[in-house]
Amino acid sequence: MIIQCRCLTKRYPADQGMVAAVNNVNLVVAQGEFVIILGHSGSGKTTLLSLIGGLTEPDSGEVLVNGVDNWHQSDEALSDMRNRTIGFVFQFASLIPTLTSLENVLLPLSFGRVPRGSHEQAREILARVGLGDKMHAYPGQLSGGQQRRIAIARAFINQPAIILADEPTGDLDEETENDILRIFRDYNEHGTTFVVVTHNVHLARTQKNPRVLEMRQGTLLEQDGRFA
Ligand code: ADP
Ligand code: MG
């Protein structure tokens with residue numbers, strides 16, 4: 001198994017005391033799985049992804065990635081895991097405005113050794129997301145959907161074993177959405193593990209053999225097929 005969450009809980013202060021954004025979640029994801037977590041706004045999806053990716057520390061419980069507890073290792077080992085093992089597709093693009101598309105895609109590599117052929121790979125990924133002619137454009141010169149595609153290309157540059165994606169198709173036009181989902185499927189067929197959180201109930205149809213779960217008020221439920 002590549003991801004293991006055990007009794008994972010994260011609480012936040014709310015109007016009336018503390019609210020568990022993620023409440024006692026257990027989840028095992030095997031290598032190569034495509035996991036889709038559906039849930040309404042506020043159900044805890046983003047918090048769960050952030051816990052899995054080691055960006056947020058749980059109040060209790062643990063997350064193991066490749067058998068290593070996120071919070072029982074050095075800071076250096078944790079950031080190394082985040083940089084090399086995981087590709088993040090955030091809900092908001094979070095691109096660096098002073099870097100071109102190509103430079104933004106190459107950014108994750110600047111934290112370590114830059115492998116040979118990275119530039120070609122970055123160009124190839126940008127072409128695959130339909131931005132072959134925007135390599136040298138700056139984020140401010142691009143539409144929201146184009147910026148989102150750069151963020152997706154950036155997530156793949158390190159050839160991560162795991163992609164964590166938060167509403168990856170939100171505010172994309174249908175054609176781009178289909179392109180992105182085809183790219184996800186292609187990577188998944190080549191062994192990349194995905195955990196995608198979304199309220200898009202149609203996303204499951206676009207993937208080969210997805211496992212669909214549902215989040216409700218911080219609790220993760222096995223899906224009963226209503227959304228499939
Ligand atoms: P989703 O992604 O499904 O919309 P979130 O994980 O963003 O849900 O949020 C789940 C709950 O936790 C919500 O009630 C939200 O208000 C609360 N929450 C999330 N992040 C924070 C935070 N940083 N501070 C306070 N409350 C938060
Ligand atoms: Mg969210």
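Just follow the structure's listing: the first ligand is 1, and inside any ligand the first atom is 1. Remember, predicted model here, so these are calculated numbers, not experimental data. When a residue number appears, it is its place in the shown sequence, counting from 1.
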Asker: Between A21, G42, P13, which one has a non-hydrogen atom sitting closest to atom 14 (O) of ligand 1?
Answerer: G42

Asker: Would you indicate whether Q217, at its atom CD, is surrounded by more than 12 heavy atoms from other residues, nucleotides or ligands within a distance under 6.0 Å?
Answerer: no

Asker: Using 2.8 Å as the threshold, say whether any N, O or S atom from T46 sits that close to the Mg ion (ligand 2).
Answerer: yes

Asker: Could you tell me if N24 and T9 have a donor-acceptor pair between their side chains, going purely by distance under 3.5 Å?
Answerer: no

Asker: Do the side chains of D179 and R128 get close enough for a salt bridge, i.e. N-O under 4.0 angstrom?
Answerer: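 Judged by the 4.0 Å cut-off on N to carboxylate O distance, D179 and R128 do not form a salt bridge.
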
Asker: Who's the nearest protein heavy-atom neighbour of atom 24 (N) of ligand 1, and how far?
Answerer: Y12 CD2, 3.4 Å

Asker: Would S43 count as a contact of ligand 1 if the rule is a heavy atom under 4.0 Å away?
Answerer: yes

Asker: With a cut-off of 6.0 Å (strictly less than), are more than 12 heavy atoms of other residues, nucleotides or ligands near CZ of R211?
Answerer: yes

Asker: For the residue pair F156 and F194, does the interplanar ring angle fall in the parallel (under 30°), tilted (30 to 60°) or perpendicular (over 60°) class?
Answerer: tilted

Asker: If you count the non-hydrogen atoms of other residues, nucleotides and ligands that lie under 6.0 Å from CD in Q73, is the total more than 12?
Answerer: yes

Asker: Quick one: look up the protein heavy atom nearest atom 3 (O) of ligand 1 and list residue, atom name and how far away it is.
Answerer: K45 NZ, 2.8 Å

Asker: Would you check whether H40 reaches within less than 4.0 Å of ligand 1, judged by its heavy atoms?
Answerer: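 Yes; H40 lies near enough to ligand 1 that a heavy-atom distance drops under 4.0 Å.
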
Asker: What are the two closest heavy atoms between G44 and V22, and how far apart are they?
Answerer: O-CG2, 3.7 Å

Asker: Report the member of T46, D166, T47 with the shortest heavy-atom distance to atom 2 (O) of ligand 1.
Answerer: T46

Asker: Are there protein heavy-atom neighbours of atom 16 (O) of ligand 1 below 4.0 Å?
Answerer: no

Asker: So which protein heavy atom does atom 8 (O) of ligand 1 come closest to, and at what separation?
Answerer: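 The protein heavy atom lying closest is G44 N, 3.1 Å.
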
